[in-house]
Amino acid sequence: MVRQIGLRTLLIFAVLRTGFSKAVHVITVIVGENPLLSYVTQSPGYDVAFSRAVGLFPDALQNVTRQTVYRPGALSCSEAAEIMPFVAVQISNILDEHRFDFNVLISPGCSLEVMTLGDYAREWNVPLLATIAIDQSLTNAQRYPTVVAFPSSDQVTMIQAIISLLDRFSWTTISLICMDQNWKVSDGGLYYFTACRGFLTVLGGQKDKYNLNVQHLDPKVKEGDLDAYSGVLRNAATQSRVIMLLIPTNSKLRDFMINAERLGMTEGDFIFIAPRSPMVPTESTLDQQSRNGSSRAADSAFQSLILVNNPTPNWAALSGVLQSIRNTSEVRYNKTLTNFEMLNDLTISAFEVMTILLQVVRDLSPLEMEMQNGITFRQLFLNRTFNPLSRPVYIGPKGMRICDVHISKFNVTSGLMEVSEEYLSVAGNSVRTHALSTVWRGRNGPPVNRPFCGYTGELCLGGLAKTAVIILAVSISTALLATLAIFIAMYHCIFKRSGHGAGRPWWDLRPDLLFVILKTTDWESL
């Protein structure tokens, strides 16, 4: 032990004298053939970020090297997680080869992959930076003391923002409509699959507060098939006032809203809330979709729609980076990236993670770098905001990116969905950014939580029946009293003129007088 301490002291002394920092070796771990997470689609983003940072800070990053561990063959998240133990053997060999370096792992894998790899990283005491993994269990510092997660879609904060919206307007009757998607081949499908599960867990777990109606849409519905949504809409209309839509593509969301317009559900009685994944330019925004129905119908429908999403990348600022990613892919990987593969939030996340990692490395002095291990290195990311070219990135106290939330409504003047308020994740409250936040179609305020008489009039049926009985009783009583009054008036007038019953009270009806009334034919006008 004394000898080890002595060697470490000598090494630190040598570092101080020479000024050279400990070498950093970055290992990118890519498992599977998902089109958006595969080796040839993710690697260019890491490459460009690395080349760009080294070019800007050559001295500070001269001792940084990198390599990739790639294991093809798996498609699904669970399959990739099953393969991870075999990949860990390969990584362990690399760590042994670079045992005198400071090693860092980066993984663009899904949550199950990262959870498995995170257990190994704990035992190796090596930092692991996860590009897209969103499972909240990764914030468990006892199990994952070296993991930092960078997902650009912060579904926890998004749920908090929507809960805040529901509570502000006292909305408790909610229909959650999810379109099941093959998320093996779609990042959008994965996002909406996990988002549906998240909302179902949070809202369904508060049954004393929220009345939740859950429906699932068939993902095979073709774009333009408006009738396919009618049954779901009619069901939602009989149980809720808030309809939450987890529909992956903007075109299908637009079809859904046009159908709601045709059913008369967008005139102010209902509100539609649609959480969205960070948008990609290739899909275009919701208000730019022009197929299946007139623009007028879509514009009317969108006035009852609220979009909720985390901030999107600054695509204009990234134009040079995106072109470099395309060029790198063609030259180094012999692949021409499609617009969907390149202009994608996951590709930008890869760029962000590598950029931020190298910023943390270059900020360390040689001595500080020498003292680092997996646990202490993780601490350098916590409670800190980084500013890569794409957008601000804040890593919270638990080692996961925390994003603000944009809440957008339709502006009839501009014809665009515009941010009306922003939910600030750290403060936990919303800030109004546009007057649209107080605009509601056909109303002076937000839709009420329940119809006055209930969704099918059930709350008014008993009251209506009681009212009908009272009206009938009053009518009969009035008719009887009127008949009696007429009879008494006739008797009084007739007998007063004929002299019958003189000296007797006018209400004393004797049989002989009654007979006279019945037999009298010489009637005078009353």
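Remark: the N213 side chain and the S175 side chain contain an N/O donor-acceptor pair separated by less than 3.5 Å. Remark: the T194 side chain and the Q155 side chain contain an N/O donor-acceptor pair separated by less than 3.5 Å. Looking only at atom types and distance, the side chain of R276 has no donor-acceptor partner in the side chain of N310 under 3.5 Å away. No side-chain donor from either of T433 and E422 sits under 3.5 Å from a side-chain acceptor of the other. Side-chain polar atoms of T172 and N449 form a donor-acceptor pair below 3.5 angstrom. Looking only at atom types and distance, the side chain of D299 has no donor-acceptor partner in the side chain of Q303 under 3.5 Å away.
D404 places a side-chain N or O within donor-acceptor distance of the main-chain N or O of S425, the cut-off being under 3.5 Å. Checked by atom type and distance alone, the side chain of K409 pairs as donor or acceptor with a backbone atom of L436 at under 3.5 Å. No side-chain donor-acceptor contact under 3.5 Å links T336 to the backbone of E330. Formation of a donor-acceptor pair under 3.5 Å by the D135 side chain with backbone atoms of L138 is not found in this model. In this structure a side-chain-to-backbone donor-acceptor pair under 3.5 Å is present from R384 to L380. Using modelled atom types, one side-chain atom of S324 and one backbone atom of G320 make a donor-acceptor pair closer than 3.5 Å. No side-chain donor-acceptor contact under 3.5 Å links S329 to the backbone of R326. No donor-acceptor distance shorter than 3.5 angstrom exists from the side chain of T131 to the backbone of L346, with no hydrogens or angles considered. Under a 3.5 Å cut-off, the side chain of S240 and the backbone N or O of T173 do not form any donor-acceptor pair. Side chain of R241 to main chain of D269: a donor-acceptor pair is present (N/O by atom type, distance under 3.5 Å, no hydrogens or angles).
Every residue meeting the ring-ring contact (aromatic ring centres under 6.0 Å, His included) condition with F381, not counting sequence neighbours, appears here in chain and number order: F377. With sequence neighbours excluded, no residue forms a ring-ring contact (aromatic ring centres under 6.0 Å, His included) with Y394. Applying the ring-ring contact (aromatic ring centres under 6.0 Å, His included) test to F270 and every residue at least two apart in sequence or in another chain returns nothing. Under the rule for a salt bridge (charged side-chain N to carboxylate O under 4.0 Å, His left out), the partners of R441 that lie at least two apart in sequence or sit in another chain are E261. Under the ring-ring contact (aromatic ring centres under 6.0 Å, His included) criterion, Y46 pairs with no residue, sequence neighbours left out.
Considering only heavy atoms from C-beta on, M400 comes within 4.5 Å of P151 through its side chain. A heavy-atom distance below 4.5 Å is not found between the side chains of C178 and Y192. In this structure the side chain of T116 never reaches within 4.5 angstrom of the side chain of V114, judged on heavy atoms. Between I27 and V104, the closest side-chain pair of non-hydrogen atoms is not below 4.5 Å. Proximity of L200 to L212: side-chain heavy atoms (C-beta onward) are separated by under 4.5 Å at one or more points. Considering only heavy atoms from C-beta on, M158 comes within 4.5 Å of V308 through its side chain. At a threshold of 4.5 Å between non-hydrogen side-chain atoms, the residues M179 and K252 count as touching. N259 is listed as a side-chain neighbour of S230, based on a closest heavy-atom distance under 4.5 Å.
Y229 contributes atom OH, which lies 9.0 Å from atom CG of L253 (distance to the nearest 0.5 angstrom). To the nearest 0.5 angstrom, S304 atom OG is 11.5 Å from I273 atom CD1. Interatomic distance, CD1 of I106 versus CG of L128, reported as 9.0 Å (0.5 Å rounding). Atoms CZ and CZ, on F150 and F386 in that order, are 6.5 Å from each other to the nearest 0.5 Å. Note that the CD1 atom of I348 and the CZ atom of R391 stand 7.5 Å from one another [nearest 0.5 Å]. T157 OG1 to I159 CD1: the interatomic distance, rounded to the nearest 0.5 Å, is 9.5 Å.
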TODO: Please test H216 against V232 for side-chain contact (heavy atoms from CB on, under 4.5 Å), starting from the C-alpha separation and ending with a verdict.
DONE: CA-CA 8 Å; H216 293 270; V232 172; over 6 Å; no
TODO: Could you check T146 against R122 for side chain to side chain donor-acceptor pair (under 3.5 Å), going step by step and ending with a plain yes or no?
DONE: CA-CA 6 Å; T146 68; R122 178 190 65 244; over 6 Å; no
- [ ] Go through the steps to decide whether N211 and Q239 satisfy the test side chain to side chain donor-acceptor pair (under 3.5 Å), and finish with yes or no.
- [x] CA-CA 8 Å; N211 181 17; Q239 301 188 55; 6.0 Å; no
Open item on the list: Apply side-chain contact (heavy atoms from CB on, under 4.5 Å) to residues I177 and M244 and explain how you reach the verdict.
Closed with: CA-CA 6 Å; I177 299 176; M244 196 174 302; over 6 Å; no
Task: Residues L416, N411; criterion side-chain contact (heavy atoms from CB on, under 4.5 Å); working and verdict - done: CA-CA 6 Å; L416 299 173; N411 188 335; 5.6 Å; no
TODO: Begin with the C-alpha distance, continue with both residues' side-chain angles, and end with the deciding distance and a verdict on side-chain contact (heavy atoms from CB on, under 4.5 Å) for E79 and I83.
DONE: CA-CA 6 Å; E79 290 170 339; I83 292 176; 5.6 Å; no
TODO: Could you give me the CA-CA distance, side-chain angles and deciding distance for E418 and S414, then say whether side chain to side chain donor-acceptor pair (under 3.5 Å) is met?
DONE: CA-CA 9 Å; E418 298 182 7; S414 66; 2.6 Å; yes
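Minimum interatomic distance between M417 and L305 (heavy atoms only, all atoms of both residues): CE-O, 3.9 Å. Across all non-hydrogen atoms, the minimal contact from A236 to I243 is CB-CD1, 3.9 Å. Pairing each heavy atom of S420 with each of S437, the nearest pair is CB-N, 3.7 Å. When all heavy atoms of S137 and M115 are compared, the pair lying nearest together is OG-CE, 3.5 Å. In plain terms, the two heavy atoms of Y423 and A161 that are nearest each other are CG-CB, 3.6 Å. Here the closest heavy-atom approach between residue S430 and residue E421 is recorded as CB-OE1, 3.3 Å.
Sorted by first and then second residue, the salt bridge (charged side-chain N to carboxylate O under 4.0 Å, His left out) pairs with a member in residues 143-158 read D119-R143; sequence neighbours excluded.
Heavy atoms from other residues, nucleotides or ligands lying under 6.0 Å from NZ of K398 number 12 at most.
Each of I271, V242, I306 was checked for a side-chain contact (heavy atoms from CB on, under 4.5 Å) with L165, and the lone residue meeting it is I306.
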